[in-house]
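Report on one structure; see the data block that follows.
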Amino acid sequence: MEKINNVTEFIFRGLFQNPEVEAACFVVFSFFYTVIFLGNLLIMLTIFMGNLLKTPMYFFLNSLSFVDICFSSVTAPKMIVDLLVKKKTISFVGCMLQVFGVHFFGGTEIFILIVMAYDRYVAICKPLHYMTIMDRERCSKILLGTWVSGFLHSIIQVALIVHLAFCGPNEIDHYFCDVRPVLKLACTDTYVIGAVVTDNSGTVTLGSFVFLLISYSVILVSLRKQSAEGRRKALSTCGAHIAVVIIFFGPCVFTYMRPNVTFSEDKMVAVFYTIITPMLNPMIYTLRNAEVKNAMRKLWSGRFSRTLMANSWK
């Protein structure tokens, strides 16, 4: 049977239908996105200019900050602009690209968090072999693997929906394109596809979450053998990682690890993993990490001092 597709664009219902609330949210989410962009950019500049890339933990943290900027940029700018317009539209191609971007960068972030947990496990449980196991070449290959894995995951998601027939209606009850809200608009039976989506995304999110919880549990148990100072430093670092994992994976598990149904709460839950987590990551990793704070202090105070000296000669 020939595919019938009368839909060339989709319409978002958005987070709210109240213009006054949307105007207030425009200010709030514009601030959030600014914090995401500048905060993660600051971490990347600090790691790069502070010569911290040679340390595996900061090598992966730099990548996490970059992914956070990309991940939030897939949905946040469009959502912020839509808060000021009455008709919130996106083209069919744009919608498919957004699905790809959300799952590509979201999947890559999940795999980077797993790698960061492994890095902490090696550093704490096998400190004498740390630099041998986590050498630069191996870290680069592992990081490449996270991007490839995220790409494969996102391609599967897009392939499941791009061939479907859409003949109307075209209103998506969300503020960005995701697989399940788009599936609701298809003119064909999507039960099997919905099951595959749950198996794919659900396995990635829940499996990764369980793996991370077990990994950090092993790390925390092994800390009993450490000195008091060693335990304090390890707990500070791992505490930041655990906080990110819980904030990010909680909403993801709620969204993707369930049958092919959608709830009105999905939109607000999605705010946590698309906007709140990328915004909190810079705060969590800098406020709980003395080395990053010291690097920032030295780097930017030094730059400020050089600027003053330069100006004094004018």
Side-chain angles (χ1 to χ4, degrees), residues 36 40-41 43-44 47-48 52-75 97-124 130-159 179 199-216 218-219 237-238 240-253 255-257 273-274 277-278 280-282 284-285 289 292:
I36 291 170
N40 283 290
L41 184 62
I43 287 182
M44 293 172 62
I47 292 174
F48 179 75
L52 296 175
L53 278 173
K54 59 185 178 182
T55 304
M57 181 175 74
Y58 298 111
F59 178 72
F60 294 122
L61 177 58
N62 181 71
S63 299
L64 180 66
S65 294
F66 176 72
V67 171
D68 274 336
I69 291 175
C70 296
F71 183 40
S72 61
S73 296
V74 173
T75 59
L97 288 174
Q98 199 170 54
V99 172
F100 175 83
V102 167
H103 286 272
F104 177 41
F105 294 114
T108 302
E109 176 153 348
I110 286 174
F111 298 126
I112 289 178
L113 290 173
I114 292 175
V115 170
M116 292 177 74
Y118 175 71
D119 171 71
R120 289 302 85 202
Y121 166 77
V122 175
I124 294 170
Y130 178 66
M131 294 310 299
T132 303
I133 296 175
M134 302 299 291
D135 60 61
R136 184 60 182 268
E137 182 180 357
R138 182 169 297 176
C139 287
S140 298
K141 290 180 179 178
I142 291 174
L143 183 62
L144 176 62
T146 64
W147 285 94
V148 172
S149 300
F151 177 80
L152 293 176
H153 167 68
S154 61
I155 281 293
I156 292 173
Q157 302 299 304
V158 175
V179 179
D199 290 340
N200 183 276
S201 297
T203 300
V204 169
T205 52
L206 184 61
S208 301
F209 186 43
V210 172
F211 175 83
L212 287 167
L213 290 179
I214 294 174
S215 299
Y216 283 115
V218 171
I219 292 173
T237 302
C238 290
H241 292 198
I242 293 171
V244 169
V245 166
I246 293 174
I247 295 172
F248 182 75
F249 278 94
C252 286
V253 170
T255 301
Y256 297 107
M257 194 58 207
Y273 62 82
T274 59
T277 301
L280 292 179
N281 277 353
I284 291 174
Y285 281 108
N289 194 308
V292 174

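On a predicted model such as this, the values are computed, not experimentally measured, just so you know. Index from 1, following the sequence.
A donor-acceptor distance shorter than 3.5 angstrom exists from the side chain of S72 to the backbone of I69, with no hydrogens or angles considered. Not a single donor-acceptor pair under 3.5 Å links the side chain of Q157 to the backbone N or O of V99. The backbone N or O of G202 sits less than 3.5 Å from a side-chain atom of T205, completing a donor-acceptor pair. Between the side chain of N40 and the main chain of P278, a donor-acceptor pair closer than 3.5 Å is present. Judged by distance alone, with hydrogens and angles left aside, the side-chain atoms of R138 form a donor-acceptor pair with the main-chain N or O of I133 at under 3.5 Å.
One finds the CZ atom of R136 at 10.0 Å from the CE atom of M131 (value rounded to the nearest 0.5 Å). From N200, atom CG reaches atom CD1 of I156 across 4.5 Å, with rounding to the nearest 0.5 Å. With values rounded to the nearest 0.5 angstrom, F105 atom CZ is found 14.0 Å from T274 atom OG1. For the atom pair F211 CZ and I214 CD1, the distance stands at 8.0 Å (nearest 0.5 Å). How far CG of L144 is from OG of S149: 9.0 Å, rounded to the nearest 0.5 Å. D68 contributes atom CG, which lies 11.0 Å from atom OG of S63 (distance to the nearest 0.5 angstrom).
Two residues are said to be in side-chain contact when any heavy atoms from C-beta on lie closer than 4.5 Å; Y121 and V218 meet this criterion. Residues Y118 and F60 have side chains not in contact (no heavy-atom distance under 4.5 Å, counting atoms from C-beta outward). Looking only at side-chain heavy atoms (C-beta outward), L280 and V244 stay at 4.5 Å or farther from each other.
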Tell me, with the steps shown, if I110 and V204 meet side chain to side chain contact (heavy atoms under 4.5 Å, CB included). CA-CA 8 Å; I110 286 174; V204 169; 4.0 Å; yes
Is there a side chain to side chain contact (heavy atoms under 4.5 Å, CB included) between S201 and H153 once you walk through the steps? CA-CA 8 Å; S201 297; H153 167 68; 3.6 Å; yes
- Task: For F59 and S140, run side chain to side chain contact (heavy atoms under 4.5 Å, CB included): C-alpha distance rounded to whole Å, both residues' side-chain angles, the deciding distance at 0.1 Å, then the answer.
- Result: CA-CA 9 Å; F59 178 72; S140 298; 4.1 Å; yes
Next item on the list: Under the side chain to side chain contact (heavy atoms under 4.5 Å, CB included) rule, what do F66 and M44 come out as? Steps first, then yes or no, please.
Entry: CA-CA 7 Å; F66 176 72; M44 293 172 62; 3.9 Å; yes
Pair W147, F104 - check ring pair (Phe, Tyr, Trp, His ring centres under 6.0 Å), show working.
CA-CA 8 Å; W147 285 94; F104 177 41; 5.6 Å; yes
> Step by step, would you call H103 with Y256 a ring pair (Phe, Tyr, Trp, His ring centres under 6.0 Å)?
Replying inline: CA-CA 12 Å; H103 286 272; Y256 297 107; 5.7 Å; yes
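Residues M116 and L64 come closest through the heavy atom pair SD-CD2, 3.9 Å. For P251 against I247, the heavy-atom pair with the smallest separation is CD-O, 3.0 Å. Taking each heavy atom of E109 and T277 in turn, the nearest pair found is OE2-CG2, 4.3 Å. Shown here for I114 and L212, the closest heavy-atom pair between the two residues is CA-CD2, 3.7 Å.
A parallel orientation is assigned to the rings of F209 and F249, their planes being inclined by less than 30° (bins at 30° and 60°). Under the 30°/60° scheme for interplanar angles, the aromatic rings of F71 and Y273 are found to lie parallel.
Partners of K54 by side-chain hydrogen bond (donor to acceptor under 3.5 Å, both in side chains), not counting sequence neighbours: none found.
Counted within 6.0 Å of OH on Y216, heavy atoms from surrounding residues, nucleotides or ligands total more than 12; the atom is thus considered enclosed.
Of the N and O atoms on the side chains of D119 and Y130, at least one donor lies less than 3.5 Å from an acceptor on the other residue.
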